[in-house]
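Structure record follows, encoded as C-alpha cells.
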Amino acid sequence: MAGSSLAAPSKAEVENQFRNWLTKEIIPEAGQAGVSAQTAQRALNGISLKWDLPDLVPPGTAPPKAQDQSQAEFSSPGSYFSEQRLQGLAATGRSLAQTHAATLRKVEQAYGVPGSIVVAIWGRESGYGRAKLPYEALDVLATKAFMSTRKEMFRKELIDALRIIQHGDITPERMRGSWAGALGQPQFMPSSYAKYAVDFDGDGKADIWNSVPDTLASIAHYLVLKGWQRDRDWGFEVTIPANVSCAQEGPDLARPISQWASLGISRVNGKSFPSQEARVDGMMLVPAGRHGPHFIVTPNFYVLKEYNNSDLYALFIGNLSDRIAYGAGAFQGSWGAVGKMLRSDVLAMQKTLQAKGYDVGKADGLAGFKTRRSIGDWQAKNGLSPTCFPDESLKARLR
Ligand SMILES: [Ca+2]
C-alpha cells in the first residue's frame, strides 16, 4: 500500500510473536510472582489468541479511535429495569434463597450482608451460575495483555490468574470467564479474586466456578471489605414533596434520615423509616430527577456501586433484593419521557452550566448526580420548577 512502509504482520506471524512473548516475558514474570515455570508452561501451552474480542490492537496496527458518542440517544433510565427480566430473576432468586437458606444464614452471620443482596448480585452477574461463561479466562487475559488498548492492566490480571492456578484452586481448563476476563459466578477479575474469594465449603479451594457456598461467601466478603454496614438497608423508594428541592442528592449531602422525613419525605409503601435507620445518615437519590422514582439511600448503596460503578446497577440490585426478600414489585414512581435528546445536547448543557460556575462533575453527555443537582439549582435560580434532569425543553434555554 502506498506510503505504508511497515505492513501489518499476518495472523500467523502475530501468533508466533505471541508464543515468544509468553515464553520470554510472561513465564519469567509469573516466576517472580511465585508461579513455577512448569505450572505456567502447562497453563499457557493450550491457549490461543482470541481474535474476536473487542478493543484489540494487533502489532503493526493503530489503536481504534474512541467511538463518537455525541450522536448517541440520551433517554430516561427506565429501559434498564426490564420488568420481565426482574420478575424472572426474582422468581429464581427466591427459590434459590430457600434451597441455600442454611448457607445464606451462615454467610449473613459471618459478613453481615443480607442473603437477598448476595443472591441478587449472583443473579445479575451470572444468572445464578447458569449463564454459560464463553471463554477460558487465560485466553482472554493473555490476548488482551498481548494486544489490546489496556495491555498493562491485563498483564497484571494474567499474572494473578496464573497465581490462582499455582495455588490449585482451579485448573486452567475450568477457569472460565467473560469476554472481559471476569471470572466465575461472581464475575471477579483475577485481582479481585486474590483479595475477596473465600473457601466457604471447607474443601480448601476458593472455587467461584462450581461451589455455591464459595460464590455466595465471596460476594459477601467483597461487599464487607468495601464497607458494607451490618444491619442497614440499601435504601428506600420515597416521595419527595413538590416544595422540597430535588437538587439535594449525592453522597456529599448526607443527613440523618429523620431529618429527610421531617421535610415531608416519606416511603412510598406508607411505612415509616425503621427507627435504627432514622437516627443515621441517608442520601437523596433521584436518578432521573423529577422524571422518575425517588430514593433515600444508605451508605450501603454506594458499596453496591463498588461492584459496578453505576447508580442504575445498584438500584437494580436493591430492587431485586427487595423482591427476593419481601416479594416487592417494581418501583412505584414511573420513568417519564425526556423528549428527543442526544448525548451532545446534554454535553452542551453541561458546558453552559460549567461556564456559569456550576459543578457538573465530568462533562461527558451523561447526567450524573452533580449534573442533575446543578440543573435543579439553575432551574430554581431562573424561576423554573426544578426537575433536576435534562429534557428537550431545556435544550434551548441552557446554552
Ligand atoms: Ca471451597
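Just so you know, these numbers come straight off a predicted model, no measurement behind them. Start at 1 with the first residue, then count along the sequence.
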Yes or no on side chain to side chain contact (heavy atoms under 4.5 Å, CB included) for L342 and Q71, after CA distance, side-chain angles and deciding distance?
-> CA-CA 6 Å; L342 298 175; Q71 295 309 304; 3.6 Å; yes
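- Using a 30° and 60° split on the angle between ring planes, F331 and F81 fall in the perpendicular class, above 60°.
- D160 contributes no side-chain N or O that, together with a main-chain N or O of A194, makes up a donor-acceptor pair within less than 3.5 Å.
- Checked by atom type and distance alone, the side chain of Q350 pairs as donor or acceptor with a backbone atom of G365 at under 3.5 Å.
- Looking at Q248 and W260, their side chains come closer than 4.5 Å, going by heavy atoms from C-beta outward.
- A donor-acceptor pair under 3.5 Å is formed between the side chain of S374 and the backbone N or O of D359.
- Ring-plane geometry between H221 and Y196 is classed as perpendicular, the angle between the planes exceeding 60 degrees on a 0 to 90 degree scale with a lower cut at 30.
- Counting heavy atoms of neighbouring residues, nucleotides and ligands inside a 6.0 Å radius, atom NZ of K156 does not exceed 12 of them.
- Within a 6.0 Å sphere centred on CZ of R397, heavy atoms belonging to other residues, nucleotides or ligands number 12 at most.
- Summarising the local packing, CZ of R343 is surrounded by more than 12 heavy atoms from other residues, nucleotides or ligands at distances under 6.0 Å.
- A donor-acceptor contact shorter than 3.5 Å is absent between the side chain of D345 and the backbone of E392.
- Counting only heavy atoms from C-beta outward, the side chains of I317 and R124 approach each other to under 4.5 Å.
- Taking the six-membered ring for Trp and thresholds of 30 and 60 degrees, W122 and H100 have ring planes more than 60 degrees apart, a perpendicular arrangement.
- Between E249 and the choices K370, R372, H294, R373, the side chain to side chain donor-acceptor pair (under 3.5 Å) rule is met once, by R372.
- The aromatic rings of Y307 and F188 sit tilted, their planes meeting at an angle between 30° and 60°.
- Ring pair Y80/F316 is perpendicular by interplanar angle, where above 60° counts as perpendicular and below 30° as parallel.
- Closest approach of L158 to A142, counting heavy atoms only: CD2-CA, 3.9 Å.
- A salt bridge links E29 to R155: at least one charged side-chain nitrogen sits closer than 4.0 Å to a carboxylate oxygen.
- T387 places no side-chain N or O within donor-acceptor distance of the main-chain N or O of R290, the cut-off being under 3.5 Å.
- Around the CZ atom of R174, the shell of radius 6.0 Å holds no more than 12 heavy atoms that belong to other residues, nucleotides or ligands.
- E237 contributes a side-chain N or O that, together with a main-chain N or O of G333, makes up a donor-acceptor pair within less than 3.5 Å.
- More than 12 heavy atoms of other residues, nucleotides or ligands shown are found within 6.0 angstrom of NZ on K395.
- Within the 4.5 Å cutoff, no side-chain heavy atoms of Y358 are placed close to those of I375.
- With hydrogens and angles ignored, the 3.5 Å screen pairs a side-chain donor or acceptor of Q379 with a backbone N or O of C388.
- For E277 (side chain) and D233 (main-chain N/O), a donor-acceptor pair under 3.5 Å exists by modelled atom type.
- Using a distance-only test at 3.5 Å, with no hydrogens or angles considered, no donor-acceptor pair links the side chain of W228 to the main chain of V113.
- Other residues, nucleotides and ligands contribute over 12 non-hydrogen atoms within 6.0 Å of the CG atom of N382.
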